[in-house]
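No hydrogens, no waters, no symmetry mates; every other heavy atom, side chains included, goes into these values. Keep in mind that this is a model prediction, so the values were computed, not measured. Every chain is numbered from 1, with letters handed out A, B, ... down the list of sequences.
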There are 2 protein chains.
Amino acid sequence: MAVTIKDIATALRISPSTVSRALNDHPNISEETKKQVAAKAKEMKYQANFIAAGLRTKRSNSIGILVPHITSSFFASAIDGIQKIVSDHGYYSIICQSNEDYHNEIDQIRSLLSCKVEGIILSIASDTKVFEHLETLEAYDTPFVFFDRIAPGFDTPTVEANDFAGGFQAVEHLIKRGRKRIAHLGGPGLLGISKSRYEGYLEALRTYDYEVNEDFVVFTDPDEKHDAIIEKMFEDPKNMPDALFTFSDELAVESILKLKRMGYNIPRDVSVVGFGNSNLCEIVEPNLTSVTHEPIKMGEAAAELLFKVIQNRHIPPHQKNQKFDSRVIIRDSSR
Amino acid sequence: MAVTIKDIATALRISPSTVSRALNDHPNISEETKKQVAAKAKEMKYQANFIAAGLRTKRSNSIGILVPHITSSFFASAIDGIQKIVSDHGYYSIICQSNEDYHNEIDQIRSLLSCKVEGIILSIASDTKVFEHLETLEAYDTPFVFFDRIAPGFDTPTVEANDFAGGFQAVEHLIKRGRKRIAHLGGPGLLGISKSRYEGYLEALRTYDYEVNEDFVVFTDPDEKHDAIIEKMFEDPKNMPDALFTFSDELAVESILKLKRMGYNIPRDVSVVGFGNSNLCEIVEPNLTSVTHEPIKMGEAAAELLFKVIQNRHIPPHQKNQKFDSRVIIRDSSR
DNA sequence: CTGAAAGCGCTTACAG
DNA sequence: CTGAAAGCGCTTACAG
């Protein structure tokens with residue numbers, strides 16, 4: 001059997017109350033007693049029971065993290081940042097994955113609520129189109145913060161990358177390099193971040209009085225055949241794009257490999273810019289220019305915001321919806 | 001305030017005991033009552049409190065996962081596999097990272113124990129050289145399973161990749177391609193998996209009566225300057241290796257890029273084989289031959305084992321220490 | 001088939 | 001500075 005506060009109390013012939021206070025460094029307890037208790041606890045290999053304490057204090061010292069998948073390096077890094085802040089606060093985190101599935105998302109949220117987490121950092125599944133399940137969060141007074149993927153119509157803090165600005169900067173960079181016919185290979189159409197990057201693309205074209213060519217924009221899903229899309233877009237050498245801005249580094253890399261197989265030189269014939277600044281950038285040849293986010297900082301910011309809500313601290317309006325600016329990391333694929 | 005079993009009981013003018021039994025589908029409760037309770041629970045938006053239930057039943061329905069870092073694709077995939085099994089069992093998991101740091105590892109284990117997880121899947125930090133902190137796990141009767149990185153001297157189940165066989169197969173493959181002077185760029189010397197891959201390398205050389213050349217073996221840490229190591233190993237074209245087997249795909253890719261900058265052709269001058277079969281393999285040029293593990297299956301196996309221990313079910317001796325065989329995925333870097 | 005009562009391991013207002 | 005007592009939300013042996 002595990003050692004409890006009561007066992008320590010009996011061993012020391014004092015009351016459980018005193019042991020509890022000593023262990024929690026309560027000011028009213030004498031140093032003498034504290035020392036004795038600490039020594040005995042160590043000797044008896046006492047391990048605090050957070051569960052019992054949580055039940056009593058109605059604070060579980062835990063938060064939930066729900067992301068589409070943990071295997072994406074973006075989310076993995078974000079979790080890194082979140083966990084740093086979480087353990088600084090003496091909390092622990094329960095991480096769940098929705099696998100981009102709506103029903104899974106509902107189940108996971110329910111499970112987090114039953115674990116009585118004090119708050120949730122939430123990145124909605126690409127599959128999710130309705131948001132009633134999130135209203136239950138509000139109903140249960142469980143604070144939450146949207147991370148990267150944001151459901152409309154909630155008055156909660158949000159942390160996201162400024163995808164619009166990222167798209168804009170990527171395309172502006174290509175324009176400044178003298179590219180005239182800039183294509184866009186977009187992500188899943190449902191995803192807000194796909195739309196924002198696309199809108200940044202559009203805005204840059206408009207700003208520089210470029211014409212928008214509809215044949216040069218295609219939205220894709222991860223499991224699609226991208227090769228065929230590239231092939232089609234670049235089949236006519238006289239009429240093809242001279243630059244390609246993609247939704248992700250993965251798409252950019254696939255495009256580069258395909259374009260090279262088609263006999264094009266990168267960046268001479270086609271400049272390519274990706275998104276994410278992943279570890280792939282410095283491996284593909286030529287090295288890939290990419291828009292960088294800062295997932296770790298974003299994760300930290302989301303956790304900080306969540307703790308402010310949990311602690312009922314005031315969040316200045318300008319901090320409530322944070323957008324993290326992106327930068328274009330220029331490499332050989334667009335020089 | 002959150003709705004409790006008591007609230008439902010009062011609303012229905014029955015006892016909390018009955019509500020509890022109805023919610024848990026106890027056989028003694030009439031269908032009639034069960035239906036009423038279910039309806040009321042839904043109407044009142046009742047969310048079970050796992051914390052309270054856990055305190056009472058002394059089962060937390062949670063397990064802990066402690067890995068060096070979540071951002072490695074190997075561990076991220078393993079967690080994927082673990083979580084699948086964990087939620088099949090109606091459990092949830094608390095994921096912690098040691099960041100390869102010994103003291104962190106101790107803290108995280110303590111925290112998992114205080115969360116009263118029913119078991120832990122554990123991958124020790126590369127930093128960890130002594131294992132007393134793991135003895136406390138045994139002292140607290142918290143079952144655990146070693147995953148991928150195994151501490152010596154514990155009678156607990158283990159799941160690992162057969163790194164020895166992986167190293168052997170990689171080198172055997174190079175030998176069969178006619179390579180004569182096979183070098184090895186190893187991982188952190190402290191890590192068991194580094195040693196095993198190296199021993200597989202040695203064993204293959206011995207099996208085929210190759211001489212072992214000590215200048216052709218270097219162990220490295222992730223933060224070292226690998227370029228200099230490669231440069232030195234390949235500085236003398238007359239005396240250099242004609243093949244390189246590396247501890248990881250990252251090392252292999254770095255090597256390929258460096259060797260290409262040195263003017264060598266891969267695989268004509270040097271064949272390269274990595275380890276991990278990561279997403280880098282099909283991006284680097286030439287595409288990288290690599291030894292593949294199966295992290296998802298390994299994660300599933302570890303979780304299955306842990307649940308067997310938790311449930312006191314018998315583990316047949318041949319299942320207790322599982323090694324997952326590897327395969328060499330042949331690509332252009334060694335053709 | 002249902003209920004009253006005890007208790008899981010803690011914390012804390014109250015009393016001294 | 002310390003203790004006795006109540007209670008967090010559940011489950012379950014016992015009784016009927």
### Summary
Residue pairs passing the ring-ring contact (aromatic ring centres under 6.0 Å, His included) test with at least one member in residues 83-125 of chain B, sequence neighbours excluded, are His89(B)-Phe307(B), Tyr91(B)-Phe307(B), Tyr102(B)-His133(B)

#### Entry: Interface residues of residues 40-51 of chain A with DNA chain C (non-hydrogen, below 4.0 angstrom)
Tyr46(A), Asn49(A)

### Thr18(B), nearest nucleotide to its side chain (from dC10(D), dC10(C), dG3(C))
dG3(C)

### Query
Mapping Arg56(A) and Pro16(A) onto DNA chain D by nearest heavy atom, which one lands closer to the 5' end?
Pro16(A)

### Query
Any ring-ring contact (aromatic ring centres under 6.0 Å, His included) pairs touching residues 13-63 of chain A, not counting sequence neighbours?
none

### Under the side-chain hydrogen bond (donor to acceptor under 3.5 Å, both in side chains) test, residues paired with Thr156(A) that sit two or more places apart
none

### Task
Name all residues meeting the side-chain contact (heavy atoms from CB on, under 4.5 Å) criterion together with His314(A); count only those two or more places apart in sequence or in a different chain, and write none if there are none.
Pro316(A), Pro317(A)

### Query
Would a 4.5 Å heavy-atom cut-off, applied to side chains only, mark Ile85(B) and Leu306(B) as touching?
no

### Message
Would you say Lys116(A) places a side-chain N or O within less than 4.0 Å of OP1 or OP2 belonging to dC8(D)?
### Response
no

### Query
Considering only the P atoms, how many Å lie between dC14(D) and dC10(D), rounded to the nearest integer?
24 Å

### Summary
Across all chains, not counting sequence neighbours, the side-chain hydrogen bond (donor to acceptor under 3.5 Å, both in side chains) partners of Asn61(B) are none

#### Entry: Residues that Thr128(B) engages under side-chain hydrogen bond (donor to acceptor under 3.5 Å, both in side chains), provided they are two or more places apart
Glu105(B)

#### Entry: Intra- and interstrand pairs of DNA chain C - dot-bracket, Watson-Crick/G-U under 3.5 Å, | marks other strand
|||.||||||||.|||

### Query
When you look at NZ of Lys297(B), are more than 12 heavy atoms from neighbouring residues, nucleotides or ligands closer to it than 6.0 Å?
no

### Query
Excluding sequence neighbours, so at least two apart, what forms side-chain hydrogen bond (donor to acceptor under 3.5 Å, both in side chains) with Thr33(A)?
Ser30(A)

### Message
Distance check, C1' atoms only: dT12(C) and dG16(C), in whole angstrom units.
### Response
16 Å

### Query
Roughly how many Å is it from CZ in Arg13(A) to P in dG3(D), rounded to a whole number?
13 Å

#### Entry: Residues in contact with DNA chain C, drawn from residues 20-33 of chain A - heavy-atom cutoff 4.0 Å
Ser20(A), Arg21(A), Asn24(A)

## Note on the structure
Judged by nearest nucleotide, the residue sitting upstream toward the 5' end of DNA chain C, Ala52(B) or Ser15(B), is Ser15(B)

Please tabulate, for side-chain N and O atoms in residues 8-21 of chain A, each donor-acceptor pair with protein atoms closer than 3.5 Å (sequence neighbours left out).
residue	atom	partner	partner atom	Å
Thr10(A)	OG1	Lys6(A)	O	2.6
Ser15(A)	OG	Ser17(A)	N	3.4
Ser15(A)	OG	Thr18(A)	N	3.2
Ser15(A)	OG	Thr18(A)	OG1	3.1

### Task
Check side-chain contact (heavy atoms from CB on, under 4.5 Å) between Gln83(A) and all other residues, then give those that pass, not counting sequence neighbours.
Ile79(A), Ser93(A), Ile95(A), Gln97(B)

## Note on the structure
DNA chain D nearest-nucleotide lookup for Ser17(B) and Leu55(B): closer to the 5′ end is Leu55(B)

